[in-house]
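Just below is one structure, and these are the notes that go with it.
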There are 2 protein chains.
Amino acid sequence: MLSVATWNINSVRLRIEQVQRMLREQSPDVLCLQEIKCQESQFPAQALADMGYIHQAVHGQKGYHGVATVSRVPLREITRFDWQDNGEARHVGVELTEGEGKGLVIENVYIPAGGDIPDRELNPKFGQKLDFLERMTRWSDTLGRPTLLVGDFNIAPLECDVYDHKALLKVVSHTPLEVETLGKLRDAHGWVDLGRHFIPAPERNYSWWSYRSYWRQKDHGRRLDHMWASPDLAPQASTHRFVEETRRWEQPSDHIPLITEFSL
Amino acid sequence: MLSVATWNINSVRLRIEQVQRMLREQSPDVLCLQEIKCQESQFPAQALADMGYIHQAVHGQKGYHGVATVSRVPLREITRFDWQDNGEARHVGVELTEGEGKGLVIENVYIPAGGDIPDRELNPKFGQKLDFLERMTRWSDTLGRPTLLVGDFNIAPLECDVYDHKALLKVVSHTPLEVETLGKLRDAHGWVDLGRHFIPAPERNYSWWSYRSYWRQKDHGRRLDHMWASPDLAPQASTHRFVEETRRWEQPSDHIPLITEFSL
DNA sequence: GCCCTGGTCG
DNA sequence: CGACCAGGGC
């Protein structure tokens, strides 16, 4: 048994107590964080180590972005890709080195949000997002081991992954071009979307609600966070859950944690 | 019986729950706030009205300074002086219009801090502080009714009003020039310093501790907040207390409330 | 909306 | 140290 969580925490320093609470209540073996928004030197390593998460791979930067994978089972950092080649900290890859999960690779990624306008010409950030996905797609070809790819993908691929499919067709995160580009990444390695494997369409299944306005009343969510298993790993996934309650905590992240359990 | 509190709250929006807690626990009839740090439109009027403090005189500005006097006994705003003539919101004067305290005037003031260097030439803010005090001194001559003058004076007049008299002689808030200038204001109307009337020198008696460094461990406080009664009002003051516990609350103001009870 | 960076202020 | 502001990001 091995359980892995992913959570875009939107500042790990501000929400370290919420991380600790989630770890106490959900008890995953491994936690992948995105948007830690700090440098490695500022990462709350001790607070997490005190809870047993002594194995840590932190790829941070000042102020923005940043990812970290912490674990109570041994791991070692194996990669730290910069698919944009611009110095942003959006990926860290680890390998579990002992126990049932030995050899499992966990890729933790924060895909660019892509700006407001879904047009390469008008909005360079949208192009960067697509380029990022295409580079990940080429990288996918090279993988040869059981791998879990998790994080904030900033794309809600299915109609039922958003509260209003038609309205969001022109909104970055749900445009046909993004969905198609993400689909190529998925197909490049036969990735299995565990969120929809365990909670099949058309069931409502969101991981993010804007801070703005009436997200709670209207349930205007999107499924932007994902856990994808390589074809050789997917059969071992035994449960998968979205921990929606954290979105109702005080001063929450706008994203919620996802957790998968594996029988390994 | 009438009780009046004064508290430099250092952002009333951020600390409205602490204000409510203090009001519940101390139950003053009137509360004078300084450094509300908001415009009148942003003042948490409803939260205070809900607790019975429905009579309010708010003199705010954007971001800095600002004073407000709220009460559960009827009052009317009578003055709103700008002794510096620069648009800063540092004073509001009210008159109680009913009940035992009818006719009592309460002047709520936030005297300028005065900058870092205690020299008019090198630091214009120090001059502005002295000018502010001198204009208040001239204003004091004109008063003819029982009056309570309260607020953050930003001066600790006595040796025992600071944790280290000698060290602070050259620190703005305790320089001989400030103490002398404040003394002239006091003498201009025969104001009675209730803090020292009820807690005589040389007893330790602080109302402010810096946010910086080890204020709690070292008790490096100063008495910057004051309640002064006009000679005709002072005999009615029956008790006076410093509510030090608020400084140990979570995310506190750097100042504590002072409360005087009057037998009226 | 909320969190970052930096600035000013006390 | 911790308020505020403005500007940038998502």
Side-chain angles (χ1 to χ4, degrees), chain A residues 8-16 18 34-39 42 60-66 88-90 110-118 123-126 128-129 152-155 171-173 208-216 220 222 224-225 247 249-255, chain B residues 8-16 18 33-39 42 60-66 88-90 110-118 123-126 128-129 152-155 171-173 208-216 220 222 224-225 247 250-255:
Chain A
N8 178 320
I9 193 60
N10 190 13
S11 177
V12 70
R13 287 178 293 173
L14 199 69
R15 300 202 167 82
I16 181 58
Q18 294 188 47
Q34 301 87 39
E35 283 206 85
I36 61 173
K37 292 193 175 175
C38 67
Q39 294 165 307
Q42 304 169 309
Q61 71 177 85
K62 189 172 170 181
Y64 296 102
H65 319 315
E88 290 182 350
R90 294 181 173 276
Y110 174 53
I111 293 177
D116 286 330
I117 305 164
N123 169 26
K125 288 180 185 174
F126 190 70
Q128 285 163 14
K129 181 178 193 174
D152 177 1
F153 292 8
N154 270 312
I155 297 174
V171 173
V172 174
S173 73
W208 175 87
W209 294 259
S210 170
Y211 282 124
R212 298 175 225 209
S213 69
Y214 310 101
W215 68 267
R216 186 184 288 205
H220 281 188
R222 306 181 202 172
L224 303 181
D225 300 273
R247 192 63 179 81
W249 292 353
E250 287 288 302
Q251 280 218 15
S253 167
D254 43 352
H255 295 253
Chain B
N8 178 320
I9 192 63
N10 190 13
S11 179
V12 70
R13 287 177 294 173
L14 201 69
R15 299 201 167 84
I16 182 58
Q18 295 188 45
L33 294 167
Q34 302 87 41
E35 284 206 82
I36 61 172
K37 292 192 173 176
C38 67
Q39 294 164 305
Q42 303 169 311
Q61 69 176 87
K62 188 174 171 181
Y64 295 102
H65 320 315
E88 291 182 352
R90 295 181 172 274
Y110 174 52
I111 293 176
D116 286 330
I117 306 165
N123 169 24
K125 289 179 184 175
F126 191 71
Q128 285 163 13
K129 182 178 193 174
D152 177 1
F153 292 9
N154 270 311
I155 297 175
V171 173
V172 174
S173 74
W208 175 87
W209 293 260
S210 170
Y211 282 122
R212 300 176 223 212
S213 72
Y214 311 100
W215 68 268
R216 186 185 289 203
H220 281 187
R222 305 181 203 171
L224 302 181
D225 300 272
R247 191 63 179 82
E250 287 288 300
Q251 279 218 19
S253 167
D254 45 349
H255 295 253

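Chain identifiers are assigned alphabetically (A, B, ...) following the order of the sequence lines, protein sequences preceding nucleic acid strands; residue numbering begins at 1 within each chain. Only this structure's heavy atoms are used, side chains among them; waters, hydrogens and symmetry mates stay out.
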Exercise. For C:dC4, does either OP1 or OP2 sit under 4.0 Å from a side-chain N or O belonging to A:S11?
Worked result: yes
Exercise. Taking OP1 and OP2 of C:dC3, is either one under 4.0 Å from a side-chain nitrogen or oxygen of A:R15?
Worked result: yes
Between the side chains of [X] and [Y], is a donor N or O closer than 3.5 angstrom to an acceptor N or O?
| X | Y | result |
| --- | --- | --- |
| B:Y110 | B:E35 | yes |
| A:R15 | A:S253 | no |
| A:Q34 | A:D152 | no |
| B:K37 | B:N10 | yes |

Whole angstrom value for the distance that separates [atom2] of [N] from [atom1] of [X]:
| X | N | atom1 | atom2 | result |
| --- | --- | --- | --- | --- |
| A:D116 | C:dG1 | CG | P | 16 Å |
| A:L224 | D:dG9 | CG | C1' | 16 Å |
| A:Q42 | C:dC4 | CD | P | 10 Å |

Problem set entry | Among D:dC10, C:dC4, D:dC1, the nucleotide that comes nearest once only the side chain of A:L14 is considered | C:dC4
Problem set entry | Nucleotide of C:dC2, D:dC10, D:dC4 approaching B:R13 most closely (side-chain heavy atoms) | D:dC4
Exercise. Checking all strands, does A:Q251 fall into the base, sugar-phosphate, or nothing category for heavy-atom contacts under 4.0 angstrom?
Worked result: sugar-phosphate
Measure all distances between protein nitrogen or oxygen atoms and nitrogen or oxygen atoms of nucleotides 6-9 of chain C, and list the pairs falling under 3.5 Å.
{"unit_1": "C:dG6", "atom_1": "OP2", "unit_2": "A:K62", "atom_2": "NZ", "d": "3.0"}

For this session: Mind checking side chain to side chain contact (heavy atoms under 4.5 Å, CB included) for A:L14 and listing every partner two or more places apart, or none if nothing turns up?
Result: A:S11, A:Q251
